[in-house]
Structures are given as C-alpha cells and as structure tokens.
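One structure below.
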Amino acid sequence: MRHLVDVSPEGGSPYPVYVGGAPDGMLAALWRDRWRQAVLIGDETTASLFAAPLVRALEARDVEVHVLRFPAGERSKTRETKARLEDAMLEAHVERDACIVGVGGGVALDLAGFVAATYQRGIDHVFVATTLLAQVDAAIGGKTGVDTPRGKNLIGAFHQPKAVLCDYGALASLDVSERRNGLAEMVKHAAVWDAALFRELEGWSGEEALPSEALVGRSIAAKAEVVSRDTRDRGIRQVLNFGHTVGHALEAATDHSLPHGQAVAVGMTIEARVAARAGWLADDDARRLAALLARLGLPTAPPVAFSDASSFLASDKKTARGAVRCALPSTLGGVTPSGGSYTREVSYQALAAAWSEP
Ligand code: GLY
C-alpha cells in the first residue's frame with residue numbers, strides 16, 4: 001500500500017490514509033504495541049470476504065483478535081446493533097487498550113467508529129475500507145453514527161481513526177451498482193472542490209464503473225483536505241453536503257430502496273438545476289454535471305414525485321427555521337460562500353420547479 005495523504009483534524013493528531021492492495025501487511029506494520037486486543041467489526045459479507053488475512057496478520061503479532069459480525073445492509077446501522085456489538089465486547093473482556101478495526105463499507109465503518117467513540121469512553125480504531133463509497137467518503141473525516149426511524153446519522157459522534165487503509169484490490173469484488181454508488185461521491189468531490197478532477201472524470205471512459213487507483217486517490221485527497229480545514233462541520237465542510245439535502249429525502253421517500261450514491265446523484269442533478277435557475281451556477285455547468293452522472297450510469301431523474309419526497313425534506317438536519325438549506329457549487333470545482341455560509345436557503349417552490357425538468 002502507498003501512503004496517499006494525512007488527514008489533519010483540528011485539535012487532533014494527523015492520521016495517514018493508505019491506498020493499494022494487501023491491507024493485512026499494512027495493518028500489521030502500523031499496529032501499535034499497546035493495542036493488545038483487536039476487535040474486527042464487519043458485516044457478514046465483508047467479514048467473510050476480508051477478515052481472515054487481517055486476523056492472521058494480527059495473530060502473527062500476538063494480538064488477541066475478536067471478530068464481530070452483523071447482518072449486511074443499512075438496516076443494521078442502528079443503536080440496537082451497536083448495543084449488541086458492545087455487549088459482545090464486554091463479554092469478551094475487551095479492555096481500553098484494544099483497537100477496533102472496522103472492515104467493509106460505509107455501514108460497517110460508521111458503526112465500528114461509533115462503537116470505538118463510546119466504548120469505555122472511547123478507544124482507538126482503524127479502518128479497512130473495502131467499497132468505493134467507503135474509501136472516498138465514509139472512512140475519511142471522523143463522523144461516526146447510526147440511523148434512527150426519524151432519519152439517517154442522527155445519533156453519533158466525531159471520533160477520528162488512527163489510520164485508514166483503502167483496499168483498492170477489494171473493489172474488484174463489488175458489483176457495478178455498488179461501484180456507481182462510490183462514483184457519485186467522487187463526482188461530488190470534483191464538483192465542489194477539484195475542477196481538474198471533474199475534467200478527468202469527464203475524460204474517463206467509465207469502463208465497468210471502476211476508476212483507476214489514481215482517480216480514487218484524487219477523490220480521497222479532496223475529502224481529506226476539506227475535513228482537515230473544518231473538522232467539526234461548521235463551515236467549509238458543508239460543501240460536502242451537495243446533493244445530500246434532496247438525496248436524503250429521496251432515500252427516505254423510497255424506504256432506502258434507492259441506494260445512497262444513486263440518491264445523491266439525483267440530488268446533485270436537482271440541486272444544480274435549482275442553482276442554475278437562481279443564477280448561482282451556469283446552465284451549461286448544470287448540464288455538464290447531469291451528463292457526466294448519466295454517462296457513469298447514475299440516475300438523474302427522481303423516482304418519486306416532489307409531493308412524495310417533500311415531507312422527508314423537513315426532517316433533514318440541514319434545515320433551519322423551516323427552510324431547506326443546500327450546499328450548491330458556483331462553478332464545477334468550487335463553492336463560493338454567500339453571506340458567510342457555504343449553504344443557501346432554497347424554497348420548496350424552487351425545488352418543486354426544478355424537480356422533473358428534462
Ligand atoms: N465518516 C465520514 C465523514 O466523516 O464524513
């Protein structure tokens with residue numbers, strides 16, 4: 001694995017992000033002597049696919065290893081699953097000098113990180129990210145948490161990992177639709193932060209929805225830079241919410257049958273259209289964004305009417321005083337703050353008008 005970048009959280013220690021194959025060797029190499037126990041947390045699918053070499057590498061270092069699994073899927077990202085994992089750790093006498101290893105995609109990493117944030121008032125954790133979405137997004141930034149019936153990620157904590165290992169080799173095992181979920185976040189990072197990356201994505205064939213390790217690395221570096229500047233999400237980090245105000249409402253309105261990346265792709269298309277109609281983004285840029293998403297096999301049309309999604313907009317965390325706030329690019333590659341804020345107020349009327357425009 002190669003060292004790609006360090007994330008430098010405000011008020012915390014920098015941590016490295018590695019990309020490449022064979023995360024077992026890297027995990028053993030970075031393991032700290034004081035971590036006498038390891039708790040690998042993954043879903044049933046990723047744990048069976050990826051845990052064995054990691055366990056062997058740690059046992060070869062005389063680490064006591066426990067592997068905890070939970071059923072795959074967003075429905076497992078709950079307080080109940082977290083409590084089950086914690087109870088299993090207490091039963092196994094996991095102590096404060098243990099390190100949790102979150103293995104898998106976004107659900108596994110968000111849960112593992114949240115368990116680490118609160119177990120005995122906080123223990124160390126590292127991530128082995130095995131999906132494209134997890135590598136370019138969920139593994140980087142320290143937000144951990146679980147969903148509740150009232151919304152996604154409503155309960156959680158900031159808790160930064162000690163290291164992130166992005167297993168590029170694991171992406172070969174993902175189906176095309178899962179890869180596309182990660183591509184949506186890569187397009188988002190390019191649209192709000194990295195104009196050159198946006199152009200590179202436009203020039204890439206999109207073959208089998210598997211971007212090169214270099215493109216994945218560029219996207220990870222963009223996220224790392226943003227969260228290093230604003231770790232606690234009080235300012236510029238909000239640019240990463242582009243597409244998410246509408247995207248989260250679409251996920252809820254479809255009872256999560258629309259996967260996160262696809263919902264964000266539709267969300268970005270609609271939010272960019274709102275920005276273009278308001279004169280905050282050039283029409284041509286909104287069209288280029290939709291064209292890139294479509295070429296990468298991502299949806300751009302909402303699967304439900306605005307009236308079916310609007311009630312879920314209200315419960316979005318980014319609303320204030322009944323108004324929806326959206327993080328909107330002002331060019332393809334940047335967000336210009338308006339009135340000191342990286343989000344803008346968007347009326348339901350403006351969203352409804354942009355909803356199903358061809
Ligand atoms: N854990 C993902 C983030 O902090 O954005």
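All ligand and atom numbering here is 1-based and tracks the order in the structure. All values below were derived from every heavy atom in this structure, side-chain atoms included, with hydrogens, water molecules and symmetry-related copies excluded. Nothing fancy with the numbering, it's 1 onward along the sequence.
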Residue part near ligand 1, for L109, under 4.0 Å between non-hydrogen atoms: neither
To the nearest 0.5 Å, what is the distance between CG (L111) and NZ (K82)? 9.0 Å
The closest protein heavy-atom partner of atom 4 (O) of ligand 1 is R237 NH2, 2.6 Å
Which protein non-hydrogen atom lies closest to atom 2 (C) of ligand 1, naming both residue and atom, and how far is it? A138 O, 3.2 Å
Below 4.0 Å from any atom of ligand 1, is there a heavy atom belonging to I140? yes
Picking from H248, E251, H244, what satisfies side chain to side chain donor-acceptor pair (under 3.5 Å) with K152? E251
Does ligand 1 have any atom that is closer than 4.0 Å to a heavy atom of E185? no
Below 4.0 angstrom from a heavy atom of G142, which ligand 1 atoms are there? Numbered from 1 as shown, please. 4 (O)
Report the part of Q160 in contact with ligand 1, treating N, CA, C, O as backbone and CB onward as side chain, heavy atoms under 4.0 Å; options are side chain, backbone, both, neither. neither
A student checking ligand 1 against K223 at a 4.0 Å heavy-atom cut-off should list atoms 2 (C), 3 (C), 5 (O)
Would you say the side chain of H93 lies within less than 4.5 Å of the side chain of H66, judging by non-hydrogen atoms? no
Is the shortest side-chain heavy-atom distance between I270 and L351 below 4.5 Å? yes
Please state whether the rings of H125 and H159 are parallel, tilted or perpendicular, taking 30° and 60° as the class boundaries. parallel
For D137, counting its heavy atoms only, list the atoms of ligand 1 lying under 4.0 Å from any of them. 2 (C)
Tell me, do D194 and H189 make a side-chain contact under 4.5 Å, heavy atoms counted? no
Side chain proximity check, E44 to F70, heavy atoms < 4.5 angstrom: no
With respect to K143, determine whether any N or O atom, backbone or side chain, lies less than 3.5 Å from an N or O atom of ligand 1. yes
